[in-house]
There are 2 protein chains.
Amino acid sequence: MSADPSARRGIPDATVARLPEYLRALTGLAERGITSVSSEELASAAGVRSAKLRKDLSHLGSYGVRGVGYEVDHLAYQISRELGLTQDWPVAIIGMGNLGHALAAYSGFATRGFRVVALLDQDAGLLGQEIAGITVQPMTVLDELVAEQGLAIGVIATPAASAQEVCDALVAAGVRSILNFAPCVLVVPDDVDVRKVDLSTELQILAFHEQRKALAAEGALGAVALEPVKPELNRVVGR
Amino acid sequence: MSADPSARRGIPDATVARLPEYLRALTGLAERGITSVSSEELASAAGVRSAKLRKDLSHLGSYGVRGVGYEVDHLAYQISRELGLTQDWPVAIIGMGNLGHALAAYSGFATRGFRVVALLDQDAGLLGQEIAGITVQPMTVLDELVAEQGLAIGVIATPAASAQEVCDALVAAGVRSILNFAPCVLVVPDDVDVRKVDLSTELQILAFHEQRKALAAEGALGAVALEPVKPELNRVVGR
DNA sequence: ACGCTTTTGTGAACGGATGCACAAAGTCAC
DNA sequence: GTGACTTTGTGCATCCGTTCACAAAAGCGT
């Protein structure tokens, strides 16, 4: 309806994915006492091109001043609001193995906007144990957490074998946003969002590029080696 | 040069990012004794559309049989090879805090293709301690690791404040592939690949979508009440 | 041998994201 | 008030990735 540029029905996913980085950069600037920033400077701090930054920001409204730049606090607030960080989202972590344990203590949650309200595990042996000041509870409290605490986000840190089962329990309890650390594909209804964080996938992508670099170097040396001169350049590369 | 379809100069990044998932799906099928699979089945197991899967696979060559499908073992091998997993990549983890500790013990590395050869930390208090069977060493051994172990991949699990410093040390030692868990932008030369894994970014993206869902529900209920009042509500801050 | 069925591999259309270049809109100096 | 200067916001062209739809290729039954 409105011609308001913040007709936020359609902020591109690619833009949304970058907003947290912009917010982080702005927070850093604010801590250093900087109150105003140009798109060029902010883009550089966030690791993108200034044109991309400006286009991204234009999707949330017109918060800059031509000839001057952006007011750091104000822009940070606008991005926070757009991301829904002006409220605290209750989070539950399921699976208190190595990873879940680390996540419970990880400062990432300490960021304004999120609050760990529960640690859950299926293993009766861990129940009652206290981790990072929170008592580990059984999965059966999920319904209660959603109803009484407004639990909205579930973090799955279980082995892959139990991830789908845990996911189903979260969905059944009414959780519609899931962060999955288990290396597997989760099947969920359309109205549930799943984001996946996968260490071994990332390593494999790095390995692909690393291999390409190694092959390129080898190829370059090989080409030289084909020339009848300079045989001593044949060094072992990569491997 | 060659008209070989596996002219791998250009496998799209988007495709490379999905290959690990295909590989995982294939491994799962193989474990269940399945020897042949159609693009439809494999795509379903990997959570993508069959057309996308087929196009992705077509970038590495023509390994399917029309009217039949793909031979599981063979395709798994081809993807492994393309990803560079037929060799073991030496990995070092830097930063033995909560996260680094969990990563050292995490089974993600146990996947064929990677081998943790060192755990490093700048804190002298942790040196000599043994984690997951590996002794924590100081950063100064980096050069040695690259020269003698062929260290190729560095995993940064330090706080954001020291991440760039650690990154610079890795690059100086010759490491060209970095997986960064610290919530910050790393500046590196062009020939170095950095991939970032960031818990709080992922949570914030989820929060955005969660908020949108909440607003949509609210809007559906109270559309009449909310609509006329909205303009000028957000223009509070001057400068 | 031959047509019927299945499934791959891919050309072509489409849509979204990126980068470029510049007009519009503001500040600042005087 | 005016003109020079700075920086935003955005139309446009381009590129990359996804989806569609189908011809080509293989197996199978007769």
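Here the structure is a predicted model, which is why all the values come from computation and not from measurement. The chains referred to below are lettered A, B, ... by the order of the sequence lines, with proteins before strands, and numbering in each begins at 1.
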Practice item. Find the distance A:K52:NZ to C:dA17:C1' and express it as a whole number of Å. Key: 8 Å
Point to revise | Pair A:E40, A:S50: side-chain N/O donor-acceptor within cut-off below 3.5 Å | key: yes
Review point. Just how far, in rounded Å, is C1' of D:dC16 from CD1 of B:I11?
Key: 16 Å
Review point. When the distance from CG of A:L53 to C1' of C:dC20 is rounded to whole Å, what number comes out?
Key: 16 Å
Identify each donor-acceptor pair in which a side-chain atom of residues 179-187 of chain A lies under 3.5 Å from a protein atom, sequence neighbours left out, and give them as a table.
residue	atom	partner	partner atom	Å
A:N180	OD1	A:A182	N	2.9
A:N180	ND2	A:A182	O	3.2
A:N180	ND2	A:C184	O	3.3

Point to revise | Short N-O contact, A:D88 and A:R112, less than 4.0 angstrom | key: no
Exercise for review: Show the numbers, then the answer: is there a side chain to side chain donor-acceptor pair (under 3.5 Å) between B:T86 and B:R81?
Suggested key: CA-CA 6 Å; B:T86 49; B:R81 196 174 51 80; over 6 Å; no
Might you list the N or O atoms of the protein lying below 3.5 Å from N or O atoms in nucleotides 9-12 of chain C, with each pair's distance?
residue	atom	partner	partner atom	Å
C:dG9	OP1	B:S62	OG	3.0
C:dG9	OP1	B:G64	N	3.0
C:dG9	OP2	B:Y70	OH	2.6
C:dG9	O4'	B:R66	NH2	3.1
C:dG9	N7	B:R54	NE	2.8
C:dG9	O6	B:R54	NH2	3.1
C:dG11	O6	B:K55	NZ	3.1
C:dA12	N6	B:K55	NZ	3.1

Check your understanding: A:E40 CD to D:dG9 P: how many Å, rounded?
Key -> 14 Å
Check your understanding: Considering only heavy atoms from C-beta outward, does the side chain of A:I178 approach that of A:V192 to under 4.5 Å?
Key -> yes
Practice item. Please state how far atom NE2 in B:H59 lies from atom C1' in D:dT18, giving the value in whole angstrom units. Key: 11 Å
Revision key, fill the gap. The reported gap from CZ in B:R54 to OH in B:Y70 (rounded to nearest 0.5 angstrom) is 7.0 Å
Review point. Given that A:G67 and A:P12 both sit by DNA chain C, which one's nearest nucleotide is further toward the 5' end?
Key: A:P12
Point to revise | A:D193/B:R212 ion pair, N-O < 4.0 Å | key: no
Check your understanding: Is B:E21 salt-bridged to B:R24, cutoff N-O under 4.0 Å?
Key -> yes
Review point. OP1, OP2 of C:dT7 versus side-chain N and O of B:S38: anything below 4.0 Å?
Key: no
Practice item. Figure out the CG/P separation between B:D56 and D:dT18, and round it to whole Å. Key: 7 Å
Point to revise | Selection: residues 15-30 of chain A, any non-hydrogen atom under 4.0 Å of DNA chain C | key: A:R18
Check your understanding: Starting at CG of A:L75 and ending at P of D:dT7, how long is that distance when rounded to a whole Å?
Key -> 16 Å
**Study point:** Rounded distance in Å - CD (B:E71) to C1' (D:dG27)
**Key:** 16 Å
Exercise for review: Would you give the length of the straight line joining atom CG of A:L75 to atom CG of A:L60, rounded to the nearest 0.5 angstrom?
Suggested key: 7.5 Å
